[in-house]
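Structure first, commentary second.
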Amino acid sequence: MIEVKNLYKKYNFITANNDISFKIDDGEFVVILGASGAGKSTLLNILGGIEVATSGSVLIDGEDITKYNNKKLTMYRRNIVGFVFQFYNLIPNLTALENVKLAYDLVEGGIEPVKALSLVGLEKRENNFPYELSGGEQQRVSIARAISKNPKILLCDEPTGALDYNTGKQVLKLLEKICSETKTTVILITHNQEIAKIADKIIEISDSKVKSININEKKLSVD
Ligand code: ADP
Ligand code: ADP
C-alpha cells in the first residue's frame with residue numbers, strides 16, 4: 001500500500017507538487033494523468049526516491065520514505081522500485097543482457113537476466129547493443145531491467161511517449177501483463193487520456209494539484 005499525504009515539492013520559484021494526497025493498493029495499475037508541466041514526473045521521482053520532497057509523507061507499507069537516510073533510500077531504490085523512462089536510459093556500450101544484469105546484480109532474489117529478457121520476448125536479442133534495437137525493443141529491455149529486480153512497484157514515466165502507436169500498444173500490453181500476473185503495482189504517467197483507459201485508478205494532476213481520483217469502472221484492456 002502506498003499512501004501519499006500532503007506532499008509538497010518546491011523549487012525556487014515553482015511549486016511542482018502542491019498538497020498531493022492519494023492511496024494506491026498493492027497490485028493496482030494506476031495512471032497519473034496530466035498536461036506537460038503539471039508535476040507528474042516530480043511526483044513519480046519522489047515516489048521512486050530519486051527526488052526529495054519539501055514536506056509531506058510517502059508511506060510505503062506504513063514506512064515513510066521521506067524520513068529515510070541515504071542508506072535506506074538507496075536500498076529502497078534498489079529493492080522496492082523499478083523505473084521505466086520515456087527514452088529507455090539504457091547504457092549504450094552494454095548489450096541488452098548486460099544492461100539487465102547490471103540491475104539484477106544489485107539485488108537478492110531477482111529474476112535471472114536471461115529469463116527477464118525472455119519474459120519481454122527478447123530472448124534472441126540478448127547480445128545486441130541498444131543502437132541495434134528498435135525503440136520498442138529498447139523499451140522492452142528497459143522493462144526487463146526493471147522487472148529483473150522483482151520490484152514491488154514499477155514506476156513508468158511516459159513509457160510510450162517516444163514510440164509509434166502500435167509499438168506503444170505492445171509496451172502497454174506488457175506492463176498490463178506484468179501487473180496482472182505478478183501483482184506488481186504499476187504507476188504510469190502520461191498526458192494521453194486514451195492510455196488512462198487501461199488503468200484501475202486514474203489520478204489526474206493539474207497545475208501541481210490533484211484534480212480528481214477515479215476508480216476506472218470501465219477499464220479497458222489493451223487490445
Ligand atoms: P510533468 O512531468 O507533468 O511534465 P514536471 O514534474 O516535470 O511536470 O514539472 C513540474 C514543474 O516543475 C514544471 O514547471 C517544471 O519546470 C518544474 N521543475 C521540474 N524539475 C525542476 C527542477 N529541477 N528545477 C526547477 N523546476 C523544476
Ligand atoms: P503523442 O501524444 O505524441 O501521441 P503519447 O505520449 O500520447 O504521444 O504516446 C502515444 C503512444 O500511446 C503510442 O505509442 C500508442 O501506441 C499509445 N496509445 C495511445 N492510445 C492507446 C490506446 N488506447 N491503447 C493502447 N495504446 C495507446
Side-chain angles (χ1 to χ4, degrees), residues 2-24 28-60 64-70 73-74 76-77 80-90 135 138-139 142-143 145-146 151 153-165 167-169 171-172 175-176 179 184-216:
I2 301 169
E3 193 171 2
V4 172
K5 284 194 209 168
N6 308 112
L7 185 74
Y8 285 81
K9 176 66 181 181
K10 295 180 183 174
Y11 296 110
N12 284 345
F13 303 104
I14 289 167
T15 300
N17 287 168
N18 188 347
D19 199 16
I20 303 267
S21 300
F22 56 78
K23 290 182 190 175
I24 293 176
E28 265 189 316
F29 196 119
V30 174
V31 162
I32 297 177
L33 177 68
S36 176
K40 306 181 298 298
S41 292
T42 302
L43 176 59
L44 202 77
N45 292 342
I46 293 171
L47 287 173
I50 61 179
E51 271 197 70
V52 176
T54 304
S55 64
S57 49
V58 176
L59 303 173
I60 307 291
D64 190 351
I65 66 162
T66 69
K67 302 280 188 297
Y68 278 2
N69 60 23
N70 279 339
L73 209 50
T74 301
Y76 171 78
R77 277 195 299 263
I80 309 295
V81 295
F83 263 99
V84 177
F85 299 98
Q86 179 172 358
F87 296 109
Y88 333 124
N89 292 16
L90 298 173
Q138 290 184 62
Q139 193 58 299
S142 99
I143 293 170
R145 176 179 60 186
I153 307 165
L154 192 55
L155 301 168
C156 311
D157 191 342
E158 299 267 7
T160 62
L163 303 173
D164 63 62
Y165 185 83
T167 310
K169 249 182 163 169
V171 163
L172 293 174
L175 294 172
E176 194 173 51
C179 182
T184 306
T185 305
V186 176
I187 306 177
L188 182 152
I189 67 184
T190 181
H191 62 274
N192 184 329
Q193 306 218 4
E194 288 303 309
I195 294 176
K197 291 177 181 170
I198 70 171
D200 295 311
K201 184 185 277 172
I202 303 166
I203 300 173
E204 198 176 350
I205 306 283
S206 171
D207 197 14
S208 317
K209 297 192 180 99
V210 173
K211 187 176 175 197
S212 65
I213 300 177
N214 286 107
I215 303 294
N216 185 12

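Sequence positions, counted from 1, serve as the residue numbers for this chain. Note that ligands are numbered from 1 as they come in the structure, with each ligand's atoms numbered from 1 the same way. Computed over heavy atoms, backbone and side chain alike; hydrogens, waters and symmetry mates excluded.
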In order of chain and number, which residues sit within 4.0 Å of ligand 1 by heavy atom? Tyr11, Ile14, Ala16, Ala35, Ser36, Gly37, Ala38, Gly39, Lys40, Ser41, Thr42
Is Ile213 close to Ile202 at the side-chain level, that is, under 4.5 Å between some pair of heavy atoms? no
Would you give me the side-chain donor-acceptor pairs under 3.5 Å for residues 43-59, sequence neighbours excluded?
residue : atom : partner : partner atom : Å
Asn45   : ND2  : Ser41   : O            : 3.3
Asn45   : ND2  : Glu51   : OE2          : 3.4
Glu51   : OE1  : Tyr11   : OH           : 2.5
Glu51   : OE2  : Tyr11   : OH           : 3.4
Thr54   : OG1  : Lys10   : N            : 2.8

Could you check whether any side-chain heavy atom of Ile60 comes within less than 4.5 Å of a side-chain heavy atom of Ile153, counting everything from C-beta outward? yes
Pairs involving residues 28-48, ordered by first then second residue, that meet salt bridge (Lys or Arg N to Asp or Glu O under 4.0 Å) (sequence neighbours left out): Glu28-Lys201
How would you list, by chain and number, every residue that makes a salt bridge (charged side-chain N to carboxylate O under 4.0 Å, His left out) with Glu176, sequence neighbours excluded? none
Contact check, side chains of Ile20 and Ile203, non-hydrogen atoms, under 4.5 Å: no
